[in-house]
Asker: 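Structure below; questions to follow.
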Amino acid sequence: MPMDQCPFCLLAAGGANEDLVALRTPAAIVVPALKQRPLNRGHALILPTAHVTRLIDAEAPLLHDLYSVAARVSMAVRAAFDATGATLFQNDDAPDQVLTHLHVHVVPRRAGDGFRLPDPASAEVSREERRRQALALRRALG
Ligand SMILES: [Zn+2]
């Protein structure tokens, strides 16, 4: 996929979807995931602002920045989405890395949520709900 068509590069470049960005640092942005499980609302993605495909392609300083932000988000989802904890994961290449731009998932967790991966119940969340999630996360990251 050419970088000028990469949806994550477009998000990282800013513009019309800035209201979906919960946090922006020089190296990374945080956005609500498009597809979320009904019992794990608030599922967020941390992605580098530069187009990087696989984990092995990320230099150590970028890994540090990505996971430092992921750690902050793992705490913020507790306050923003009434979670008791979080599950972090990252798909590297096929079959589950659909967008070829490196990203770390942070899934808010609660007892009895039945989290599993991949989950056929995972479905697209409306832009309005993602905008509200970005706002809640932004406040919690404050
Ligand atoms: Zn990209």
Side-chain angles (χ1 to χ4, degrees), residues 1-110 113-142:
M1 181 182 297
M3 281 190 279
D4 61 356
Q5 292 175 22
C6 171
F8 285 169
C9 281
L10 289 173
L11 267 175
N17 288 317
E18 194 63 23
D19 59 339
L20 296 178
V21 176
L23 179 73
R24 178 180 287 279
T25 73
I29 62 170
V30 178
V31 293
L34 177 59
K35 289 186 175 180
Q36 304 183 20
R37 298 181 76 243
L39 295 179
N40 298 103
R41 285 295 197 254
H43 178 164
L45 306 177
I46 292 85
L47 47 125
T49 52
H51 187 84
V52 175
T53 301
R54 297 175 304 172
L55 198 58
I56 196 70
D57 300 324
E59 305 279 352
L62 177 58
L63 292 176
H64 176 269
D65 288 348
L66 280 179
Y67 277 88
S68 295
V69 171
R72 289 177 60 196
V73 173
S74 75
M75 295 307 294
V77 294
R78 292 159 162 84
F81 307 114
D82 199 27
T84 57
T87 293
L88 283 73
F89 68 93
Q90 187 245 331
N91 293 307
D92 216 49
D93 284 336
D96 284 349
Q97 188 183 11
V98 179
L99 291 174
T100 60
H101 184 131
L102 176 66
H103 53 285
V104 178
H105 295 254
V106 178
V107 182
R109 298 296 312 279
R110 293 165 210 90
D113 63 13
F115 176 76
R116 65 192 178 121
L117 190 68
D119 188 339
S122 196
E124 284 194 15
V125 176
S126 74
R127 191 184 191 288
E128 178 54 26
E129 182 170 348
R130 285 181 286 132
R131 193 193 61 76
R132 283 196 305 268
Q133 290 176 350
L135 185 62
L137 203 49
R138 198 176 303 134
R139 286 184 178 136
L141 284 162

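Atoms within a ligand are numbered from 1 in the order they appear, just like the ligands themselves. The chain is numbered in sequence order, starting from 1. Bear in mind the structure is a predicted one, so any value in this text is a computation, not a measurement.
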Asker: Give me the ring orientation class for Phe115 and Phe89: parallel if the planes are under 30° apart, tilted from 30 to 60°, perpendicular past 60°.
Answerer: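 Ring orientation, 0 to 90° scale: tilted.
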Asker: Considering only N, O or S atoms, which atom of His101 is nearest to the Zn ion (ligand 1)?
Answerer: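 Nearest to the Zn ion (ligand 1) within His101's N, O and S set: ND1.
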Asker: What angle, to the nearest 10°, do the atoms SG (Cys9) and SG (Cys6) form about the Zn ion (ligand 1)?
Answerer: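 With the Zn ion (ligand 1) as the vertex, the angle is close to 120°.
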Asker: How is the N/O/S atom of His51 that comes nearest to the Zn ion (ligand 1) named?
Answerer: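 Among the N, O or S atoms of His51, the one closest to the Zn ion (ligand 1) is ND1.
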Asker: Hey, are Asp57 and Arg54 close enough for a salt bridge, meaning a charged N less than 4.0 Å from a carboxylate O?
Answerer: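 So Asp57 pairs with Arg54 through a salt bridge.
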Asker: Please check if the number of heavy atoms outside Glu128 that lie under 6.0 Å from its CD is greater than 12.
Answerer: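 Yes, CD of Glu128 has more than 12 neighbouring heavy atoms, counting only those of other groups under 6.0 Å.
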Asker: With a 4.5 Å limit on heavy-atom distance, are the side chains of Arg41 and Gln133 in contact?
Answerer: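 In short, these two side chains touch, coming nearer than 4.5 Å.
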